Amino acid sequence: MAVIELSGVSRRYDQGPPALDDVTISVEAGEALAILGPSGSGKSTMLNLIAGLDRPDAGTVTVAGVRLDKLGEAATARYRRAHVGMIFQFFNLLDDLTVADNVVLPAQLAGMGRADARKRAASLLEALGIARHSGAYPGRLSGGQRQRVAVARALMNKPTLLLADEPTGALDSASGEDVRKLLIELNGEGQTLVLVTHDEKLAAACATRTVRLVDGRIATDTGPGIRPLGPHLAASGVPHGADGRTETARFDADGRRGVTL
Amino acid sequence: MSSLSKVVRSGVGRRRVQTVVIGLATFMAVAAAVLAGSLLVASTAPFDRGFTDQHGAHLSALFDGTTVTESQAAATAAASGVAESSGPFQVVTQTPNLGEGGGGDGAFELQPLTIAGRAQPTSGIDKVSLSDGHWPTSDTEIVLTEQIPLDSKLIFKALPGRPTLTVVGHARSVSRTADAWVLPGAIASLTSAGTKPGYQMLYRFTASATVSDMDTAKAAVVAAAPSGSMLGSQSWLTVKEAADRTAALFVPFLIAFGLLGLVMAMLSVGGVVAGAVSAATFRIGVLKAIGFTPSQVVRAYLLQALIPATVGIVLGVVGGNLLTIPVLAQTDVVYETAPSVVQPWVDALVVVAALGVVSLTALVAAARAGRLRTVDALAVGRAPAAGRGRFAASLSARLPLPRPVTLGLAQPFARPARMTAMLATVVFGAASVALAIGLTSSLNLIETARSHDKAQIMVSPMKMGPPEGGEAMGPPVNQQGPPPGPFDEGGPDPAAVTSAIATVTGTKASYGVLSAPATVAGVAAEVDVLAYRGDPRWAGFEMTEGRWYATAGEAILPTPMLKATGAKIGDTITLTVNGHNISVRVVGEVFSTQNEGMEVFTDLTTLTAVIPKVTPTEYYVGLTDGTDATAYANALETALTPFSLHANVNPGGHSDTLVAISTLTGLLTLILVAVAALGVLNAVVLQTRERVRELGVHKAIGMTPKQSVTVVLASVFLIGLVGGIAGVPAGMALHGVMVPAMGNSAGVRLPAALLDVYHPWVMALLALGGLVIAILGALMPAGWAARIRTATALRTE
Ligand SMILES: Nc1ncnc2c1ncn2[C@@H]1O[C@H](COP(=O)(O)OP(=O)(O)OP(=O)(O)O)[C@@H](O)[C@H]1O
Ligand SMILES: [Mg+2]
């Protein structure tokens with residue numbers, strides 16, 4: 001089942017050449033799609049369209065069955081809240097909120113109770129190995145730690161899609177490696193992932209499918225692919241189906257993951 | 001191009017919002033300051049200013065047209081001490097009815113007008129100024145001092161041929177030489193059959209400063225004319241005294257508003273410039289990192305602030321002048337003076353002050369940023385909240401409120417200085433509103449209590465308009481109305497009149513009053529004794545002290561009368577009325593300013609005890625709600641025919657001054673609220689811009705436009721609430737100081753009841769006023785926050 005469907009999508013800023021030019025692509029639930037391409041080729045533009053942060057000038061964008069290009073601002077926000085977790089090159093954490101407060105924010109905006117939100121945030125921070133920093137302010141953390149906080153925040157509302165724009169771009173190689181592993185792990189558990197990067201190594205390690213943009217057009221596409229069972233799951237011996245997924249990792253009808261990482 | 005000017009140009013160009021905000025803030029501050037400054041100037045010696053402007057008359061004299069020829073009147077100009085003269089102008093006094101065009105149907109009778117024939121007002125003495133319209137150009141046109149709408153028709157029913165004149169202008173004579181002007185040729189048609197118009201002469205004297213100077217000069221003029229031919233005269237000192245007393249009443253009020261405007265203007269400009277410059281701290285860090293010296297940084301930011309500020313100042317001066325014109329027009333009505341204009345030096349002073357404030361704040365803020373170590377500047381720029389807002393943020397996060405609300409509540413704490421400036425602005429705004437509401441209420445109460453004129457119907461032996469409610473605002477030029485019959489014999493039976501009045505449907509209450517001139521030993525001025533039949537308290541009386549008279553022989557006195565006699569409550573004074581001595585015991589101090597407060601209020605029985613036959617000369621009737629006054633007057637007129645009394649609709653209770661004050665208060669409050677709201681707007685715009693990346697993050701993680709609006713509105717909520725709660729008592733305190741001060745300068749003690757205008761629910765509403773100001777100011781940035789595209793917000797640095 002396709003979670004993301006872009007059909008004839010174009011986006012042009014002001015009078016310039018199109019940043020995205022007649023792009024059509026369909027992404028299955030569970031894929032880890034890497035979007036590669038030279039600077040200015042339209043990678044971020046494409047990601048923003050999928051995230052509902054931006055709207056196409058032509059074509060349709062459908063995510064989890066929702067036509068994004070037709071949504072109003074409030075509906076787009078609700079769509080993002082329900083389906084999208086985003087991580088950015090420069091983390092975009094809120095500096096005057098603690099790590100924990102940053103992480104619970106999406107749930108609070110969605111109206112989740114404080115206690116429930118805190119509980120979920122705590123388990124996410126625990127799972128991501130940064131629980132001991134939960135009371136700290138982001139300014140005090142290292143780049144890698146900050147990106148983990150950002151990932152925790154992105155996963156807070158159990159998103160259909162995890163979108164990442166250059167998630168390792170601002171990190172040294174060790175921290176970059178750290179984040180790369182985390183993403184692979186998440187995808188291994190069934191999290192659909194769209195990844196924009198310059199970093200061929202990241203793409204090679206992380207992605208089950210790679211799309212290359214040149215001047216706003218898809219130049220190459222390796223085609224759909226799904227990661228086999230995650231290594232830690234394989235080792236754990238948890239029973240799983242033919243597609244390499246655990247029972248709990250099966251998707252809901254709307255493509256939402258059943259597991260809580 | 002030098003690197004400095006490149007930085008400045010790109011700074012002005014790229015930081016467009018800040019540039020606009022600085023421009024806007026200076027614009028409105030300068031406009032408000034021009035207005036405030038002009039108010040202050042207009043409030044300084046308004047009479048003297050108008051008198052000088054109009055080259056006013058030291059003495060205006062009216063000569064009897066039946067005994068003096070025009071050349072004889074003109075010859076008085078040669079009297080010793082006369083420096084200059086104008087005239088003779090022919091003068092008549094006539095009572096017109098208001099005809100169609102001004103909403104009248106010809107039934108409404110105006111007050112008697114003293115009409116002077118004058119070809120033009122622009123030369124000689126008493127250069128009457130037109131506030132609107134034009135000077136008559138034909139014999140059917142008339143210019144009035146009273147604000148009857150232009151194009152209204154005045155019908156002179158009593159005159160042969162019922163001449164009808166069109167109102168073509170409104171004019172004001174500071175010297176009060178007439179109520180209306182026509183071309184000299186029109187006087188003949190306005191002269192009653194068998195009479196001749198009088199001649200008016202206007203003089204300026206070489207010595208006119210004191211009462212005795214004026215007495216000497218007047219004696220010389222009298223001597224120069226045929227004996228007994230001067231019917232009346234008016235000294236400029238008398239007019240000045242009355243005008244100054246009116247002005248004194250309102251000067252503290254206008255000065256307070258002027259000062260409030262100035263302070264708020266300074267606050268908002270200072271706040272915005274400081275905010276804009278410190279918001280640029282990150283950029284300053286970048287500039288220093290690439291090799292700018294601190295002094296270059298300071299200069300760059302000074303220029304970046306000054307360029308938009310200069311534009312704002314220029315526009316502000318223009319806007320301020322435009323804004324000031326209608327306000328000054330109202331001020332002129334209040335002060336009853338010549339039209340005033342914005343003084344160029346006020347503009348100049350405001351410009352210099354605005355440039356000073358902008359430069360100084362920009363300089364201080366930029367110097368502070370310039371002194372920061374470069375790393376710190378870069379760090380501060382990235383995280384503007386560094387530390388300061390965190391406590392508030394974590395505290396508010398714990399409140400059991402929706403998250404967007406708690407996010408907003410914490411925001412202002414990140415910038416304590418700006419928060420303080422915003423708070424101060426809201427406090428001033430809320431205080432102005434509270435003050436304005438209190439003043440208007442008090443002034444209304446004062447006006448009612450002062451004129452005791454709530455009765456809708458007035459009954460008197462003459463078919464004529466009653467003296468204007470606002471008598472103390474300035475003496476009428478010509479006192480009209482001969483007293484009917486021998487005083488001691490009285491008039492129609494009061495009991496019969498009262499029951500006749502009571503039979504007419506619509507009568508709610510009535511009282512009769514006998515107004516009698518009296519003398520009191522040791523008091524130079526003539527005293528007015530007002531002896532009531534029936535309780536007149538519903539017409540508007542307020543006691544400053546003591547109680548209302550209860551029995552014959554008791555009386556209440558206004559403050560000036562108490563002062564003049566030296567009497568205290570409980571003392572007895574003796575009045576001489578028409579040769580009879582009447583002793584009254586003072587039981588209260590009442591608030592009244594008519595006849596300069598030289599009045600004694602008592603029951604009619606106090607007089608009838610000594611002069612048994614005296615009766616009220618006038619009756620006043622209050623109507624039940626919904627009764628049409630004109631129809632009632634007609635019905636009453638019929639009922640009163642046997643008594644030869646006439647019913648008139650009482651035009652009193654409508655005071656130009658009060659209308660002007662209300663208009664002025666409304667206008668000034670609106671302006672101050674706008675200035676306050678704009679101050680908030682500027683600060684919130686800066687705050688929102690500063691937090692645009694944060695806004696982008698919020699939106700990226702699913703904040704809806706409504707929630708974004710909530711955040712921005714919540715960010716001003718506390719400021720609005722606290723500002724309102726703090727501002728209202730401040731405004732009330734100011735009211736508590738100002739109103740008695742206004743009373744003092746008018747020479748009266750105000751009854752406490754006139755100050756007691758803040759009811760609890762009014763206070764609660766006013767306290768919410770701060771919130772309204774804050775929300776008004778935050779609405780636009782909130783809308784912007786809701787609309788901005790997430791991708792754009794995230795990219796903005
Ligand atoms: N807000 C904008 N206004 C105008 N042009 C824009 C805007 N955002 C992107 N562009 C232009 O659109 C084109 C594609 O930009 P985009 O950010 O998608 O590229 P990218 O592939 O992400 O590049 P990079 O690898 O440098 O991040 C570029 O030419 C860019 O200049
Ligand atoms: Mg990009």
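So that the names make sense, note that chain A is the first sequence line, chain B the second, and so on, each numbered from 1. This is a predicted model, so every value here is computed, not measured.
Rounded to the nearest 0.5 Å, atoms CD1 (B:Ile788) and CD (A:Glu73) are 10.5 Å apart. Distance check, rounded to the nearest 0.5 Å: CZ of B:Arg789 to CZ of A:Arg55 gives 5.5 Å.
In the displayed structure, A:Asp22 atom CG is contacted under 6.0 Å by more than 12 heavy atoms of other residues, nucleotides or ligands. Heavy-atom contacts from other residues, nucleotides or ligands closer than 6.0 Å to CZ of A:Arg140 number 12 or fewer. Counting heavy atoms of neighbouring residues, nucleotides and ligands inside a 6.0 Å radius, atom CE of B:Met780 does not exceed 12 of them.
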- Message: I'd like to know whether B:Lys699 forms a side-chain contact (heavy atoms from CB on, under 4.5 Å) with A:Thr76, so could you lay out the CA-CA distance, the side-chain angles of the two residues, the decisive distance to 0.1 Å, and finally the verdict.
- Response: CA-CA 10 Å; B:Lys699 292 192 153 201; A:Thr76 319; over 6 Å; no
- Item | Step-by-step side-chain contact (heavy atoms from CB on, under 4.5 Å) determination, A:Asp95 to B:Arg693 | CA-CA 11 Å; A:Asp95 299 298; B:Arg693 192 186 59 92; 3.5 Å; yes
- Task: Please step through side-chain contact (heavy atoms from CB on, under 4.5 Å) for the pair A:Leu105 and B:His698, ending with a clear verdict.
- Result: CA-CA 8 Å; A:Leu105 198 51; B:His698 284 152; 3.7 Å; yes
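With a 4.5 Å cut-off on non-hydrogen atoms, A:Leu163 does not touch chain B at all. Neither the backbone nor the side chain of B:Lys706 comes within less than 4.5 Å of any heavy atom of chain A. Residue contact with chain B, scored on non-hydrogen atoms closer than 4.5 Å, involves the side chain of A:Phe88 exclusively. For A:Ala74, the parts sitting under 4.5 Å from any heavy atom of chain B are the backbone and the side chain alike.
Considering A:Leu109, A:Asn92, A:Asn102 in turn, A:Leu109 is the only one that fulfils the side-chain contact (heavy atoms from CB on, under 4.5 Å) rule with B:Ile701.
Within residues 143-154 of chain A, the residues that have a heavy atom under 4.5 Å from a heavy atom of chain B are A:Arg153, listed by number. Taking 4.5 Å as the heavy-atom cut-off, the residues of residues 39-50 of chain A that approach chain B are A:Asn48, ordered by number. By a heavy-atom distance cut of under 4.5 Å, A:Arg11, A:Tyr13 are the residues of residues 5-14 of chain A near chain B, going up by number.
Annotation: maximal heavy-atom pairing with chain A below 4.5 Å, among B:Ala393, B:Pro705, B:Ala410, B:Pro400, occurs at B:Pro705. Between chain B and the options A:Val84, A:Leu94, A:Asp54, heavy-atom pairs under 4.5 Å are most frequent for A:Leu94.
In this structure, the side chain of A:Arg114 engages the main chain of B:Ala397 through a donor-acceptor pair within 3.5 Å.
Identified under the side-chain hydrogen bond (donor to acceptor under 3.5 Å, both in side chains) test for residues 707-722 of chain B, with sequence neighbours left out: A:Arg81-B:Gln707, B:Gln687-B:Ser715, B:Thr704-B:Gln707.
Salt bridge B:Arg390/A:Asp101: absent, no basic N to carboxylate O contact under 4.0 Å.
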